[in-house]
Amino acid sequence: MTTIPPLPEPGLQSLEDRRAIGRWFIQQAREELDKGHRLQAGEKAWGAVAHNLKAVGELRGWRHDSHRHLENIGRQIVAECRDTELGNAISDANHIGHFNFYENQRSPEALRELIQMVEEALPSLEALQDEPPRSFTITSNQQRRRLAELTGNGGLRVGDTSPVGFSLRHQPSGSEGPV
């Protein structure tokens, strides 16, 4: 059995704290599944993803204090990266792991696959925290609504482009002042 490191102290979480919590949750997910605690295993897998999504949200100055915000952050980074495997891991952690906590519908095998998928996605989620956001152009009303909710900017329009993915904390290369 793996020794699970202690959680960071309560309070505001640093980027490294969020990463540590994500790693802690994925280890917890494995241990819970080994004990036969399917409900907790799926929820812990979702927790590993959620804390990394919160870190991305914090770094970009986006709202990240609700489940809906976390879903929107996940959708937005997948839209930017166009990474199907990452998108599947984020979606499945939510729709399989989190949902199973309430409905108890997933087998141990399905949860084991989910935990493996999330574990493989964590390095990509962490890498997103180390690199600047990518340029992004809003191409649909769905994207516009999502970014408006995350940024608080109700004036966004389809066709708007940001060289820093509509981050509120990153500046385009060679510019001065806020984006």
[X] versus [Y], closest heavy-atom pair with distance:
X	Y	result
Ala45	Ala29	N-CB, 3.8 Å
Leu15	Leu59	CD1-CD1, 3.9 Å
Val118	Ala93	CG2-CB, 3.9 Å

Carboxylate-amine/guanidinium contact [X] [Y], below 4.0 Å:
X	Y	answer
Glu58	Arg18	yes
Arg146	Glu80	no
Glu119	Arg30	yes
Glu103	Arg106	no

Rounded distance (nearest 0.5 Å) linking atom CG of Leu147 with atom CD1 of Ile138: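 Reported to 0.5 Å precision, the distance equals 5.0 Å.
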Please report the interatomic distance NE2(His64) to CG(Leu70), rounded to the nearest 0.5 Å.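 Nearest 0.5 Å value for the NE2-CG distance: 8.0 Å.
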For Gln129, the option from Arg19, Glu16, Arg60 that meets side chain to side chain donor-acceptor pair (under 3.5 Å): Arg19
One pair to check against salt bridge (charged side-chain N to carboxylate O under 4.0 Å, His left out): Arg145 and Glu149. What are the steps and the verdict? CA-CA 6 Å; Arg145 284 189 298 274; Glu149 183 175 335; over 6 Å; no
How about Arg23 and Glu126: do any of their side-chain heavy atoms sit closer than 4.5 Å? yes
Are a donor atom and an acceptor atom from the side chains of Asn94 and His67 found within less than 3.5 Å of each other?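 Indeed, the side chains of Asn94 and His67 share at least one donor-acceptor pair under 3.5 Å.
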If we ignore angles and hydrogens, is there a donor and acceptor under 3.5 Å between the side chains of Gln27 and Glu31?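 Distance-only check fails for Gln27 and Glu31.
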Aromatic ring pairing Trp46/His98, orientation class (parallel under 30°, perpendicular over 60°, tilted between): tilted
